[in-house]
Amino acid sequence: MKKIIFFLVTICSTLIAGGFENLGVHSRVIALGGAFTGVGDASYTVFYNPAGLINVERLEVSSTYNQLFTGLEDNLYYLTFSSTIPLWKFGRFGAGLTHLKAGAWQENTLILSYAKDINNFGVGGSVKLLRWNAQPAPGENSLSYLGFSFDAGIFYKIEQVFGSGVLSFGAVAQDITEPSIAVNGSDDAKLPMKLVGGISYYSPNYNYLFAIDAVKEKENYILRFGFEFLGMKTKLYGIETGFYLRGGYNGILNDTPFKQNALNGGFGVFVNNLKIDYAYVNQIQIIGVGGSHKISFTYQF
């Protein structure tokens, strides 16, 4: 079992722990295949594109629990939290927190973000505090790391497209400074800068959303896309309720020893200001470890 965990950590650049990877900070985004750079309409956009905060006009909090690779004996889980505070004409402030537990390995990220809207054009940035620690082997000292990284993004939307639709564009550079997360500062342990561009289209008439992201990370090119459809919306005893269906895909396009693809799906329900979302990820290449279950709670004040 320890060998399996070591293998998963080794390929963390596309899969799991050890590299401050985004393992899915909200079930809605996960069900959309991870395509959110050009959507950015909720507090958890701080993990994808800080400029998307210009779309969040209310105080919002969100939290997600991720159960990773259910076929393993060890309990691997990933917790996230995000929040936004609108500052009206002064911009938007957001914060995010992640906690990953994988055996003897723990990993945390704290994100502080800010965005400003300038005539429907948003600019935003994030400061990220990175921390990991590992339990020591018998007779050895424990290992830990503490460092910083930065993200910067832009967001633009065009209204009244194909009728009353909204076409949105987003772009972000993540981990711009490419910090080394090794204790000794080795160049081999540098976090690669990610360049992401995204586009989305939302139709308020037919209640659907389509989004697509293109990602460049070192030599890898990644495609993410997904859709969301409001299947039902009604009022129950005067309280507005609704039900969403979602599906998505993400995968590495070029040949790589750690090529990975995933089919995602999920649903969401909302009751007034409370939203509950669920997603399931089916890893195509990794067999024998099961899928991943995600559940999120979001509340708007």
Counting only pairs under 3.5 Å, give me each side-chain donor-acceptor contact of residues 24-31, with atom names and distances, residues two or more places apart or in other chains.
from, atom 1, to, atom 2, distance (Å)
His26, ND1, Arg28, N, 3.0
His26, NE2, Ser62, OG, 3.4
His26, NE2, Thr298, OG1, 3.0
Ser27, OG, Asp277, O, 3.4
Ser27, OG, Lys294, O, 3.2
Ser27, OG, Ile295, N, 3.2
Ser27, OG, Ser296, N, 3.4
Ser27, OG, Ser296, OG, 2.8
Arg28, NE, Glu228, OE2, 2.9
Arg28, NH1, Asp41, OD1, 2.7
Arg28, NH1, Tyr44, OH, 3.3
Arg28, NH2, Asp41, OD2, 3.2
Arg28, NH2, Glu228, OE1, 3.4

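Listed here is the closest heavy atom pair of Gly38 and Ser168: O-CB, 3.2 Å. Nearest approach of Asn49 to Ile154, heavy atoms of both residues: ND2-O, 3.1 Å. Annotation for Asp117 and Phe121: closest pair OD1-N, 3.5 Å, computed over non-hydrogen atoms. Minimum interatomic distance between Tyr114 and Gly91 (heavy atoms only, all atoms of both residues): OH-CA, 3.8 Å. Scanning all heavy atoms of the two residues, the minimum distance from Glu217 to Pro192 falls at OE2-CG, 3.4 Å. In terms of heavy-atom proximity, Ser82 sits nearest to Phe47 at CB-CE1, 3.8 Å.
Using a 4.5 Å heavy-atom threshold, the side chains of Val172 and Pro50 count as touching. Counting heavy atoms from C-beta outward, Asn272 and Leu274 have side chains that stay 4.5 Å or more apart. Between Glu21 and Lys194 there is a side-chain heavy-atom pair separated by less than 4.5 Å. At least one side-chain heavy atom of Tyr145 sits less than 4.5 Å from a side-chain heavy atom of Pro179. Counting heavy atoms from C-beta on, the side chains of Asn205 and Phe162 never come closer than 4.5 Å. At least one side-chain heavy atom of Lys128 sits less than 4.5 Å from a side-chain heavy atom of Ser149. Between Asn273 and Arg58 there is a side-chain heavy-atom pair separated by less than 4.5 Å. The shortest distance between side-chain heavy atoms of Leu112 and Phe93 falls below 4.5 Å.
The cluster map of Ile, Leu, Val, Met, Phe, Trp and Tyr, joined by side-chain heavy atoms under 4.5 Å apart, puts Val269 and Tyr278 in the same cluster. Placement of Ile54 and Leu59 in two distinct hydrophobic clusters is found when ILVMFWY residues are connected by side-chain heavy-atom separations under 4.5 Å, directly or transitively. When hydrophobic clusters are built by joining Ile, Leu, Val, Met, Phe, Trp and Tyr residues whose side-chain heavy atoms come closer than 4.5 Å, directly or via intermediates, Leu209 is not grouped with Tyr244. Both Tyr249 and Tyr201 belong to a single network of hydrophobic side chains, linked directly or stepwise wherever heavy atoms of I, L, V, M, F, W or Y lie under 4.5 Å apart. Under the 4.5 Å side-chain heavy-atom criterion for ILVMFWY residues, a single connected hydrophobic cluster contains both Ile111 and Leu100.
Among pairs with a residue in residues 206-215, those fulfilling side-chain hydrogen bond (donor to acceptor under 3.5 Å, both in side chains) read Thr37-Asp213, at least two apart in sequence or across chains.
A donor-acceptor pair is defined here as one N or O able to donate and one able to accept, closer than 3.5 Å; such a pair exists between the side chain of Ser180 and the backbone of Ser186. Between the side chain of Asp175 and the backbone N or O of Met193 there is no donor-acceptor pair closer than 3.5 Å.
More than 12 heavy atoms of other shown residues, nucleotides or ligands fall within 6.0 angstrom of atom NZ in Lys216. The local environment of CZ in Phe301 is crowded, with over 12 non-hydrogen atoms from other residues, nucleotides or ligands closer than 6.0 Å. No more than 12 heavy atoms of other residues, nucleotides or ligands shown are found within 6.0 angstrom of OH on Tyr221.
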From CA spacing to verdict: side-chain contact (heavy atoms from CB on, under 4.5 Å), Phe36, Thr45: CA-CA 7 Å; Phe36 203 69; Thr45 192; 3.9 Å; yes
Show the numbers, then the answer: is there a side-chain contact (heavy atoms from CB on, under 4.5 Å) between His293 and Tyr280? CA-CA 5 Å; His293 301 277; Tyr280 179 79; 3.5 Å; yes
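Note on Glu60 versus Lys275: no salt bridge recorded, every NZ/NE/NH1/NH2 to OD/OE distance being 4.0 Å or above.
The NZ atom of Lys116 lies 9.0 Å from the CZ atom of Phe90; values are rounded to the nearest 0.5 Å. Between atom CZ of residue Phe270 and atom CD of residue Gln300 there is a gap of 10.5 Å, rounded to the nearest 0.5 Å. Atom-to-atom distance recorded for Thr84:OG1 and Asn55:CG is 11.0 Å, nearest 0.5 angstrom. To the nearest 0.5 Å, atoms CD (Gln174) and CG (Leu195) are separated by 9.0 Å. Of the inter-residue distances, the one linking Tyr156 atom OH with Ile199 atom CD1 reads 12.5 Å to the nearest 0.5 angstrom. How far CZ of Arg131 is from OG1 of Thr109: 11.0 Å, rounded to the nearest 0.5 Å.
His99 and Tyr78 have their aromatic ring centers separated by at least 6.0 angstrom. Checked against the 6.0 Å centroid threshold, Phe148 and Phe150 do not count as a close aromatic pair.
Ring orientation note: the planes of Trp105 and Trp132 are close to parallel, at an angle under 30° on the 30°/60° scale. Taking the six-membered ring where tryptophan is involved, the planes of Phe243 and Phe267 are essentially parallel, since the angle between them stays under 30° and well short of 60°.
For the pairing with Asn250, the side chain to side chain contact (heavy atoms under 4.5 Å, CB included) check across Asn264, Leu223, Val281 returns one residue only, Asn264.
A side-chain N or O of Ser126 and one of Ser113 form a donor-acceptor pair less than 3.5 Å apart.
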